[in-house]
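Structure record follows, encoded as structure tokens.
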Amino acid sequence: MNISLQFIADKAKVSPSLVSQVLRNKDVRVSAETKRRIIEIAKKYEYTPNRMAASLRTKKTNTIALILPFAYIEFFAKLIYFIQVRALEAGYSVLVCNTFEDADIEKKYIELYRSNMVDGIIIAPLALNINVQQYKNINEMKFPVIFVDRYFPNLSTNYVCTDNVTGAYNGTIGLINKGCKNIFVIYRKEITSTTIYKDRLKGYKRAMKEAGFEESITEISFEINDEGNPLYSGMVDKPEPDGLFIMSSYDLCLLYDTCAKLQYNPKNIRFLAFDNYSIPSKRLKDEQFMQYAKASLTIIDQNVPEMGEKAFDMLLRKIKKQPIENILINAKIIEL
């Protein structure tokens, strides 16, 4: 049962407006005994303020939307956590929206800016060529939006992202300094229209060009092919590499399986990937798989705590109409 102001007023034998003022700690002319009685009744019946009514008065919901392409991935799961922690500290709730890499679902969630349900939106957009008009509409309406992890170079919307160019460059240079010359870069074709792909590829290409080595780029799909492995067919006809750079550690297990299928020598290959990863426990007893999992691995570690905290802080400043600047966060190179 939802306890109303009228219910408390009837119990205290006062008006609903007086109850409202007392519970909002307003300065009203009423005896201490009446105040005490109103507060005790509210506590006894566990009165909860009507947030909808409050938002109509203040034009604020103290809720933000967080729109992500695939919350199952460990990177995004961590991002959700650190944004929520920061939001709770500031008295905000977070509505987490998972688009499942679907443009129509993303469009539906973007439209939350019209609903008066949220004060602002943090979003990792699917691609530079998807739902562009919706983003233009948001900009035109001056609704508070912050891009996280990815951004739109041609829109003036603010963002906080990893410095992917420098991260990919430093990671690739690290492999080269360890003697690698034939370094493959591998990515899922679904990210080609994002700044993640463009910036990470830019860093890889710059490092290979400076070293005088040829680029080798392999595209894979989420779809499973006849071989049951979408990466195998892209690598089977290529010479064995001495370095493999995969743009997301989410695909490392697939890469290890592919190397085993191709019978690559794990002692002759160095792996490079963005973000830390977790090996599924069921694979720990797979000796062939673990030969590659124990091979040399360099992680380009994005600072997810800082990214999440900065994203919320930027959005809060934007909600308050305070000036903000875009942020690029340095990635850390970790040798495992």
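Basis for what follows: all heavy atoms, side chains included, without hydrogens, waters or symmetry-related copies. Position 1 is the first residue of the sequence, and the numbers go up from there.
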Original post:
So with a 6.0 Å cut-off around CD of E214, is the heavy-atom count from everything else above 12?
Top reply: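 No - once you tally the heavy atoms of other residues, nucleotides and ligands closer than 6.0 Å, there are 12 at most.
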
(message) Looking at K310, I'd like to know if its NZ atom is crowded, meaning that more than 12 non-hydrogen atoms belonging to other residues, nucleotides or ligands lie closer than 6.0 Å.
(response)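 For K310, atom NZ is not crowded (no more than 12 foreign heavy atoms under 6.0 Å).
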
Distance-only donor-acceptor check, side chains [X] and [Y], under 3.5 Å:
{"X": "S93", "Y": "N62", "result": "no"}
{"X": "Y151", "Y": "D199", "result": "yes"}
{"X": "N158", "Y": "K318", "result": "yes"}
{"X": "S17", "Y": "S20", "result": "no"}

field: Ring geometry between F143 and Y113 (parallel below 30°, tilted from 30 to 60°, perpendicular above 60°)
entry: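 It falls in the tilted class, 30° to 60°.
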
Practice task
Answer yes if the ring centres of Y277 and Y250 are under 6.0 angstrom apart, and no otherwise.
Solution key: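 No: the rings miss the under 6.0 Å criterion.
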
What are the two closest non-hydrogen atoms of [X] and [Y], and how far apart are they?
{"X": "L112", "Y": "A65", "value": "CD1-CB, 3.9 Å"}
{"X": "F184", "Y": "P239", "value": "CZ-O, 3.2 Å"}
{"X": "D149", "Y": "N164", "value": "O-ND2, 4.4 Å"}

Is a side-chain donor or acceptor of T258 paired with a backbone partner of L254 at a separation under 3.5 angstrom?
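Between the backbone of L254 and the side chain of T258 there is a qualifying donor-acceptor contact (under 3.5 Å).
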
Is [Y] paired with [X] through a side-chain N to carboxylate O contact shorter than 4.0 Å?
{"X": "R36", "Y": "E40", "value": "yes"}
{"X": "R270", "Y": "D242", "value": "no"}
{"X": "D257", "Y": "R283", "value": "yes"}

query = Under the criterion side chain to side chain donor-acceptor pair (under 3.5 Å), which of E210, K205, R206, R200 is the partner of Y169?
reply =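 That would be E210.
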
Margin query: For D275 and S249: C-alpha separation, side-chain torsions, deciding distance, then whether side chain to side chain donor-acceptor pair (under 3.5 Å) applies.
Written below: CA-CA 6 Å; D275 301 318; S249 64; 5.2 Å; no

Under the ring-ring contact (aromatic ring centres under 6.0 Å, His included) rule, collect the residues that match up with F76, sequence neighbours excluded.
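So F76 forms no ring-ring contact (aromatic ring centres under 6.0 Å, His included) with any residue.
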
Problem - Approximate separation, where rounding is to 0.5 Å, of T298 OG1 and I334 CD1 - result: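 Here the interatomic distance stands at 10.0 Å.
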
Q. Under the salt bridge (charged side-chain N to carboxylate O under 4.0 Å, His left out) rule, what pairs show up with a residue in residues 162-185, not counting sequence neighbours?
A.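 Found K178-E335.
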
